[in-house]
There are 2 protein chains.
Amino acid sequence: MRLNLNKIKITMQVLKETLHKEGLRYTKQRQEIWNELRSSDKHRDAEEILFTLRKRGLKISRATVYRTIDVLVKNNLIDKLDIGDGRARFEYNDKYLHHDHLICTSCDKIIEFNNNEIEELQNKIAKQHNFKLLYHSHQLFGICKDCK
Amino acid sequence: MRLNLNKIKITMQVLKETLHKEGLRYTKQRQEIWNELRSSDKHRDAEEILFTLRKRGLKISRATVYRTIDVLVKNNLIDKLDIGDGRARFEYNDKYLHHDHLICTSCDKIIEFNNNEIEELQNKIAKQHNFKLLYHSHQLFGICKDCK
DNA sequence: AATTTTAATGAGACTAAATCTCAATAAAAT
DNA sequence: ATTTTATTGAGATTTAGTCTCATTAAAATT
C-alpha cells in the first residue's frame, strides 16, 4: 500500500517536472489523463480516455485530451501505437520495461515483446546517421497461433 | 531498355497472380495504381496517387485508389507508413531490398535504412510466439543532424 | 491573502482522411 | 455474342482529430 502510493507520487512528479520544463501548467485535467494512462497496461485511444474520465465525474473536453496526449507523446512519457484501424492508441512508456508489438491481422490481438538486441541495433543505426533518437514505433503484423 | 521492359512485365505478373489468387479481377485501374507505386521510390499518399493518375488522363475515383491500396497492403505488395501527420503513406515493398525508416520529428525528413540483423530478430520473435509474420512497421523518430 | 497576469479549458464548429452506397460499367465465364 | 458477376465512379457520409474564442483556473505579483 505504502509502496503503491509512493509510486503514484513519483510518476506525478515526473509529469510535474516535464510540464515545468516545457513552461506548461500542472492542471487537474493533465494529471487525470496522465494517471489514467499510467495506471493501466492497456492500449487506450483518446475517445476512450475522455469517456472514462467523464464517467468518473471529471469535467473534461475532447480537445484537452488530444492536447495533453500530444504533450505526453512529445515528451516521451507515452507511446503512440498504430494498429491499422485508423485510430491512434497510446500507452504508458516505462523506460525500464520497454516493449514492441506483435499484432494479429485476423483478430487484432496485441502481444507485447521485449528485445534488447533490437533496441541496441536501433541505437547503433541512429548513431550512424547522426540522429538523436527520441522514440520508435515497431510493430510486427501477422497471423497468431489461434487464427492459423 | 529491354531489361526495363522485362522488369515491368514481371511486376505486372506479380499483381496479376496476386489478384487471381484472391479471386479478384485484373483491371486497368489496379494496374495503373500498382505501376505508379512500383515505379517510384517515394512515399506516396492516396490523394497524391489519385491526382497523378487523373492528370495522366486515367478515369479513376478516390474509392478505387483506397480499395486497391488495401488489397496491395494485405498482400504485402506495398508497405504502409505512418509518419505522424494523419495521412497514410505507401511504398513499393521490394522483398529483396527491404528497408525501415528514420523520421525527423522536426523537419519530417525520411531516411531509409536496412538492417539484416533486425530482420532476423523479427523472424526469431515471430517464431517464438508461433506467429506467421506477414509484414512489419518499424520507424525510428528523432532529430536529424541538420536540425540538431 | 487579494489581485493581476497569462495559460488552459470547454463546447461545439470545422477539417480532412477514409469509407460507404448504389446505379452504371467492364472483366471474365459461358 | 451473351450472360454473369465483380468493379468502378460520384458524391454522400463517417469519424478521428483540430481549431476558435469566450470563460476559467494556475501561477506570479503585490
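Throughout, protein chains are lettered first and strands after them, A, B, ... in sequence-line order, and every chain is numbered starting at 1.
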Visitor: Validate the cation-pi geometry between Lys80(A) and Phe90(A): distance from NZ or CZ to the six-membered ring centre under 6.0 Å, angle to the ring axis within 45°.
Guide: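 Because its charged atom misses either the 6.0 Å distance or the 45° angle limit, Lys80(A) does not stack over Phe90(A).
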
Visitor: At their closest point, which heavy atom of Asn93(B) faces which heavy atom of Asn76(B), and how far apart are they?
Guide: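 Scanning both residues completely, I find the closest heavy atoms to be ND2-O, 3.1 Å.
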
Visitor: Nearest-Å distance, CZ (Arg62(A)) to P (dT15(C))?
Guide: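 Distance check: Arg62(A) CZ to dT15(C) P gives 17 Å.
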
Visitor: Regarding dG10(C), can its base be found pairing with the side chain of Arg67(A) as donor and acceptor, where the two atoms are less than 3.5 Å apart?
Guide: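 A donor-acceptor contact between them is present.
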
Visitor: Compare the minimum distances between each of dC19(D), dA18(C), dT8(D) and the side chain of Ala63(A), then state the nucleotide with the smallest one.
Guide: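 For the Ala63(A) side chain, the nearest candidate turns out to be dC19(D).
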
Visitor: What is the distance, to the nearest angstrom, from the CD1 atom on Ile60(A) to the P atom on dG12(C)?
Guide: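 Interatomic distance, CD1 of Ile60(A) to P of dG12(C): 16 Å.
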
Visitor: Give one of base, sugar-phosphate or nothing for Ala46(A), where a contact means two heavy atoms less than 4.0 Å apart.
Guide: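 No contact.
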
Visitor: Using a distance-only criterion (donor-acceptor N/O pair, under 3.5 Å, no hydrogens), is the base of dT6(C) paired with the side chain of Arg25(A)?
Guide: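 Side chain to base: pair present.
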
Visitor: Starting from P on dA8(C), measure out to OH on Tyr26(A) and report it in whole angstrom.
Guide: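 Rounded to the whole Å, the gap is 15 Å.
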
Visitor: Nearest heavy-atom pair of Cys144(B) and Lys109(B): which atoms, and what distance?
Guide: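 Looks like SG-NZ, 3.2 Å.
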
Visitor: Can you measure Gln31(A) atom CD to dA25(D) atom C1' for me and round it to whole angstrom units?
Guide: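 Rounded to the whole Å, the gap is 13 Å.
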
Visitor: Closest-nucleotide mapping onto DNA chain C: is Glu47(B) or Gln29(B) further toward the 5' terminus? I mean the 5' end.
Guide: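 Here Glu47(B) is the residue nearer the 5' end.
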
Visitor: Is the distance from OP1 or OP2 of dA18(C) to the nearest side-chain N or O of Tyr66(B) less than 4.0 Å?
Guide: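 Result: yes.
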
Visitor: Indicate yes or no for a side-chain donor-acceptor contact from Arg62(B) to the backbone of Leu50(B) under 3.5 Å, with no hydrogens or angles considered.
Guide: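 Flag not set: sc Arg62(B) to bb Leu50(B) has no pair under 3.5 Å.
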
Visitor: Just how far, in rounded Å, is P of dA16(D) from CG of Asp82(B)?
Guide: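 Going from Asp82(B) (CG) to dA16(D) (P), I get 16 Å.
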
Visitor: Which heavy atom in Thr52(A) sits nearest to a heavy atom in Arg44(A), and how many Å separate them?
Guide: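 Closest pair (atom of Thr52(A), atom of Arg44(A), distance): OG1-NH2, 3.7 Å.
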
Visitor: Of the candidate nucleotides dT9(C), dT19(C), dG9(D), which contains the atom at the shortest distance from the side chain of Thr27(A)?
Guide: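 When the side chain of Thr27(A) is considered, dT9(C) is the closest of dT9(C), dT19(C), dG9(D).
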
Visitor: Rounded to the Å, how far apart are Phe51(A) CZ and dG10(C) P?
Guide: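 That distance rounds to 13 Å.
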
Visitor: Mind calculating the distance between CG (Leu58(B)) and C1' (dT8(D)) to the nearest angstrom?
Guide: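 After rounding, the reported distance stands at 11 Å.
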
Visitor: Just the rounded figure in Å: distance from P of dT24(D) to NZ of Lys28(A).
Guide: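 Atom-to-atom, Lys28(A) to dT24(D), this comes out as 19 Å.
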
